[in-house]
Amino acid sequence: IGADAAEAVPALAEAMRGTNIVLCRLAAKALSQIGSPALATLIAHLQHADPFVRGESALALGWMGPMARSSVPFLATVVRGPHITARPRTPMSALSDSNSTTPPVLTPVPESGSADESCRVFAAQALGRIGPSASGSIGDLEHAAATGPEPLRLAAEQALRLIQSA
């Protein structure tokens with residue numbers, strides 16, 4: 001559609017939010033080919049409730065390469081993923097009391113191979129494709145390479161090589 005491509009961004013953004021995963025993937029690909037006019041839409045979709053949509057947005061930003069450098073902080077946030085923390089419902093002294101039956105509350109952590117984990121892998125890959133312009137994400141990628149599950153570790157290691165190779 002050439003010069004009128006920017007006019008298609010709202011319709012493609014809506015197509016990504018639907019329930020049809022094939023349409024979502026095709027819309028993400030089209031947005032990546034539109035380029036700069038679609039960048040804000042793809043960044044916004046990194047925060048979508050559906051992990052599939054988040055993952056497709058990360059992939060699309062990666063397909064854009066260095067043009068997507070403004071998405072680096074957002075992709076780095078996706079790479080970080082959920083934090084594992086135990087937060088007691090009661091003071092620590094009550095937890096040490098042998099009569100206390102209140103267990104700590106754990107923040108949910110995605111299972112290995114989950115859609116959330118895939119999002120993190122796609123975000124790491126996108127950062128690598130963005131290249132040296134993604135140098136602001138090195139700390140997050142190093143942490144993922146050291147502590148993440150295997151697919152994420154491998155993607156983070158590859159992204160680090162691509163970012164640091166220039």
Q. Is V78 reachable from L39 through a run of I, L, V, M, F, W or Y residues, each pair having side-chain heavy atoms under 4.5 Å apart?
A. yes
Q. Among Q164, E157, Q158, which residue meets the side chain to side chain contact (heavy atoms under 4.5 Å, CB included) test with L160?
A. Q164
Q) Would V79 end up clustered with I43 when hydrophobic side chains under 4.5 Å apart are linked, directly or stepwise? A) yes
Q: Applying side-chain contact (heavy atoms from CB on, under 4.5 Å), run through D50 and T19 and close with a yes or a no.
A: CA-CA 10 Å; D50 185 339; T19 58; over 6 Å; no
Q. So, for A76 and S137, which heavy atoms are closest and what is the spacing to 0.1 Å?
A. CB-CB, 4.0 Å
Q) Among the clusters formed by ILVMFWY side chains lying less than 4.5 Å apart, do F122 and L46 turn up in the same one? A) no
Q.
Check whether T147 reaches the backbone of A144 with its side chain - one donor and one acceptor, N or O, closer than 3.5 Å.
A. no
(Q) Check this for me: R69, atom CZ, are more than 12 non-hydrogen atoms of other residues, nucleotides or ligands nearer than 6.0 Å? (A) no
Q: Give the minimum heavy-atom separation between A27 and A15, together with the two atoms involved.
A: CB-CB, 3.9 Å
Q. Are I130 and L31 linked, directly or through other ILVMFWY residues, by side chains that come within less than 4.5 angstrom of each other?
A. yes
Q. Which atom names give the shortest non-hydrogen contact between R120 and P149, and what distance separates them?
A. NH1-CD, 4.5 Å
(Q) Between H45 (side chain only) and T41 (backbone N and O only), is there a donor and an acceptor less than 3.5 Å apart? (A) yes
Q.
Show every salt bridge (charged side-chain N to carboxylate O under 4.0 Å, His left out) that has at least one partner inside residues 132-149, sequence neighbours left out.
A. R80-D140
(Q) Would you say that more than 12 heavy atoms from the other residues, nucleotides or ligands in this model lie under 6.0 Å from the CD of Q33, or not? (A) yes
Q: Could you walk me through whether S32 and L61 pass the side-chain contact (heavy atoms from CB on, under 4.5 Å) test, one step at a time?
A: CA-CA 6 Å; S32 75; L61 289 163; over 6 Å; no
Q.
Under the criterion side-chain contact (heavy atoms from CB on, under 4.5 Å), I'd like the reasoning laid out for M64 against L42: C-alpha separation, chi angles, the key distance, then a yes or no.
A. CA-CA 11 Å; M64 292 173 76; L42 289 169; 3.7 Å; yes
Q. Are any non-hydrogen side-chain atoms of R54 and D116 less than 4.5 angstrom apart?
A. yes
Q) Which heavy-atom pair separates E117 from P151 by the least distance, and what is that distance? A) OE2-CG, 3.5 Å
**Q.** Partners passing side chain to side chain donor-acceptor pair (under 3.5 Å) against R129 (at least two apart in sequence or in another chain)
**A.** none
Q. At what distance, to the nearest 0.5 angstrom, does CG of L127 lie from OG of S71?
A. 7.0 Å
Q. What distance separates Q125 CD from L162 CG, expressed to the nearest 0.5 Å?
A. 10.0 Å
Q: Write down the atom of C119, the atom of G55, and the distance for their closest heavy-atom approach.
A: SG-N, 3.5 Å
Q) So, R17 and E14, do they make that salt bridge, N to O below 4.0 Å? A) yes
Q: Output every pair passing salt bridge (charged side-chain N to carboxylate O under 4.0 Å, His left out) with a member in residues 22-42, not counting sequence neighbours, ordered by first then second residue.
A: R25-E56
Q: Could you grab the distance from atom CE of M16 to atom OG of S57, nearest 0.5 Å is fine?
A: 3.5 Å
Q: Working to the nearest 0.5 Å, report the span between CG of L12 and CD1 of I34.
A: 5.0 Å
Q: Examine W63 and V72 and state if one hydrophobic cluster contains both, with Ile, Leu, Val, Met, Phe, Trp and Tyr joined whenever side-chain heavy atoms are less than 4.5 Å apart.
A: no
Q) Which heavy atom in A28 sits nearest to a heavy atom in A60, and how many Å separate them? A) O-CB, 3.4 Å
**Q.** Worked verdict on S36 versus M67 for side-chain contact (heavy atoms from CB on, under 4.5 Å)
**A.** CA-CA 7 Å; S36 294; M67 181 189 311; 3.8 Å; yes
